[in-house]
Amino acid sequence: MQNNSTHKIYSGKMSNETFINLFMVVVLAVLFIGASLVVPNFFSMKIVVNLITNYWFVILIGIGVTFLLTTGHFDMSVGGIIAMTGVLSVYFCQSSTGSMPLSTGLGLPYGVAIVLALLCAVGIGAVNAFFIAKLKVASIIITLGTMSLARGIAQIVTLGAQRNTSLPEIYGVIGNASIPGTVVKVSVLIMAAFVILAAFVEKKTVFGRRTYLIGANPQAAKLSGVKVSKHVAILYLISALLAGVTGLLLASEYKAGLSNRATGYEFDALVITLLGGTSILGGFGSVVGTVIGALILCVVTSAATGLLLSPDMQFIIKGIVTFLAILAQRMALEKRKG
Amino acid sequence: MMTEPIRKKYQPTDWKAFTKNVYIYILLLFIVFIFSVIKLDQVEMFGRGNFLSPDSIVNLLRSAIPIITLGGGFTLIMISGHIDLSVGSEMGLSAVVYAWLAIHGVPFIISFAVTAVLGIVMGFINGLFVVRLRITPVIATLVNLNLFKGIALLIVPNGVSAIKSSDTIKMPEWINDYGRKNFLLGLPVAFYVAILVIVILFIVQRRTIIGKYSAAIGGNRIAAELSGVDAKKMVWLLYIIMGTLAAVAGIARASYMSLGDPLSGDGMETDCIIAVLLGGTAFTGGSGSVVKTIIGALIIVCMTTGLMTVIPPYYQILAKSLVLIMAVTINRLLDSSRVKA
């Protein structure tokens with residue numbers, strides 16, 4: 001009997017994932033060229049570099065969101081975690097001898113403060129993990145709750161405003177440092193490192209492949225011996241940790257802990273993940289796609305700003321772009337099958 | 001010899017079922033009791049400082065109008081296993097459109113009717129995404145959340161935060177009649193409309209096909225479809241109902257505040273989720289109760305208004321999130337129908 005192990009359900013040699021990634025790159029190119037033609041001053045190296053460097057924080061939390069969406073779960077708490085971690089790190093670092101409540105902190109050494117703040121971020125992730133992985137609560141509901149929880153903690157610590165005084169000198173270093181010789185910030189480098197690490201994990205490690213399996217077929221995963229609950233729990237901890245790192249970098253950059261920072265970032269992260277081709281249905285998606293999605297979103301919003309459209313249009317734009325992307329990807333994949 | 005019926009000892013499930021049905025009323029009484037006992041003389045809105053004074057009850061119920069209007073429809077959607085995260089933006093857009101119509105001289109009836117039709121359209125769009133285009137409800141309604149919010153923000157002219165009276169144009173005098181002016185017992189017309197909505201939805205959920213089919217779809221969609229339920233039409237209808245209710249809630253809010261604030265519905269979806277969860281509706285669908293959701297809604301309103309006087313404003317988000325987590329935990333613990341996966 002003929003060996004049919006190489007039988008594919010689609011034509012061509014590349015995987016569906018690569019196909020979608022290429023598809024979105026084409027979309028990106030088309031949008032970029034279109035924007036260059038329509039928007040004045042759009043086409044310049046400065047813009048291109050700015051595209052990536054201004055969006056690094058959304059990509060960084062997008063990594064966690066991508067992994068989780070691949071398993072069919074949402075994480076809406078990342079924005080709140082960013083704010084909370086930033087605020088807490090400032091609070092821990094602020095000198096403990098101060099005249100006003102908002103200038104006084106715990107006076108901990110910098111390293112201790114950073115680690116402690118990250119632990120708090122992971123703590124929020126643990127709450128997520130407990131309710132979603134253990135109690136099997138719907139992820140959208142509980143992460144909306146932890147989003148408010150984290151932001152609520154941030155608001156309490158800053159009394160509704162922000163903390164930005166009495167910080168040690170070292171605090172502002174990592175957020176504002178640049179790679180020597182360029183204007184690219186270290187934060188972007190950190191983001192790129194995490195992206196490369198994530199891409200490696202998702203393609204080449206057992207952990208990564210299991211993530212896809214859980215998303216594609218949870219029952220099969222469980223029957224194959226994958227500890228699904230534990231795996232999803234770990235993903236939530238990782239996502240929270242990434243959000244915590246982002247929060248630290250942002251707080252360091254602005255040398256302030258704002259209680260309303262990162263409002264709406266969770267939705268941006270979801271948008272770029274969806275633009276990148278990650279589907280909630282079937283264990284499909286990639287971090288590389290998310291990066292492409294971020295670039296697409298950036299091109300579109302920059303073009304909108306360049307065309308002097310009102311900032312309120314951003315909501316409509318993000319909605320429409322997400323909608324079109326989901327439909328386009330679905331149509332492209334269905335055409336491929338035929 | 002006749003066999004005697006086997007006498008059952010009290011099964012654990014008896015207590016569980018009983019608690020499940022009753023706890024929410026106990027919770028409401030508890031909350032009301034707590035806040036009555038705490039001294040509330042700092043805030044004028046509580047009349048003589050008593051939570052249970054007529055003035056404060058009127059204020060409480062008046063601020064509960066939107067969530068009471070929304071809660072029933074949201075319950076039906078969740079019973080069917082779906083979700084609508086765009087209700088807040090639907091409400092905001094409705095408030096803006098209604099205010100815009102009113103301030104430009106359109107009479108009340110027509111403004112109301114046009115906004116209600118807008119609600120139907122918004123619900124139709126939600127249904128289109130979820131049912132026809134088969135996009136996951138979470139993502140579909142999140143997309144529409146942004147879409148509606150964006151449209152509402154665009155309608156409001158640059159430089160102002162809402163559609164309201166200014167030097168050049170004024171809100172008509174009748175603007176408060178619906179949502180704020182005393183109609184009966186100190187409560188406005190909007191309140192009684194909300195009560196009417198609940199009564200209708202209670203009947204719908206318990207005794208009509210809409211309610212039964214929704215539960216069937218939520219419990220086991222494939223079985224329902226094989227039994228002849230047109231799941232697509234039903235879910236689409238539920239989203240349209242939700243949109244219309246959101247429009248009515250938006251009208252009530254705009255009428256109360258005398259302005260159309262595009263952000264006036266923000267956070268409503270979270271409140272609805274908490275109310276539904278407190279009311280015991282399983283979020284995977286299949287069972288639920290409109291009445292219990294409304295009790296849950298009242299609990300939230302009592303807590304929010306009560307807490308507003310006791311804790312500073314920047315504690316509020318944390319308090320709400322803890323309520324949500326508590327509601328989720330209670331819901332989980334009491335959900336005896338869950339199959340242990």
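A note on names: the letters A, B, ... follow the listed sequences, proteins ahead of strands, and every chain is numbered from 1. On a predicted model such as this, the values are computed, not experimentally measured, just so you know.
Using a 4.5 Å cut-off between heavy atoms, L133(B) contacts chain A through both its backbone and its side chain. Contacts between L85(B) and chain A at a heavy-atom distance below 4.5 Å involve the side chain alone, from C-beta outward. Heavy atoms closer than 4.5 Å to chain B are found nowhere in I317(A), neither backbone nor side chain. Only the side chain of L324(B) comes within contact range of chain A, judged by heavy atoms closer than 4.5 Å. Proximity to chain A (any heavy atom under 4.5 Å) is restricted, for F129(B), to the side chain, taken from C-beta onward. Using a 4.5 Å cut-off between heavy atoms, I326(A) contacts chain B through its side chain alone, with no backbone atom that close. In this structure, chain A has heavy atoms under 4.5 Å from both the backbone and the side chain of I135(B). Contact annotation for M84(A): neither backbone nor side-chain heavy atoms come within less than 4.5 Å of a heavy atom of chain B. With a 4.5 Å cut-off on non-hydrogen atoms, L145(B) does not touch chain A at all. Contact of I140(A) with chain B is made through the side chain alone, with heavy-atom distances under 4.5 Å. Contact annotation for T136(B): only side-chain heavy atoms (C-beta onward) come within less than 4.5 Å of a heavy atom of chain A.
Judged by distance alone, with hydrogens and angles left aside, the side-chain atoms of R151(A) form a donor-acceptor pair with the main-chain N or O of S259(A) at under 3.5 Å.
In summary, D261(B) and R253(B) do not engage in a salt bridge, as defined by a charged side-chain N under 4.0 Å from a carboxylate O. Using a cut-off of 4.0 Å between Lys/Arg side-chain N and Asp/Glu carboxylate O, R221(B) and E225(B) are scored as salt-bridged.
Interface check for chain A: of the options L277(B), I83(B), I139(B), L322(B), the most heavy-atom pairs under 4.5 Å are formed by I139(B). Between chain A and the options A327(B), S321(B), S89(B), heavy-atom pairs under 4.5 Å are most frequent for S321(B).
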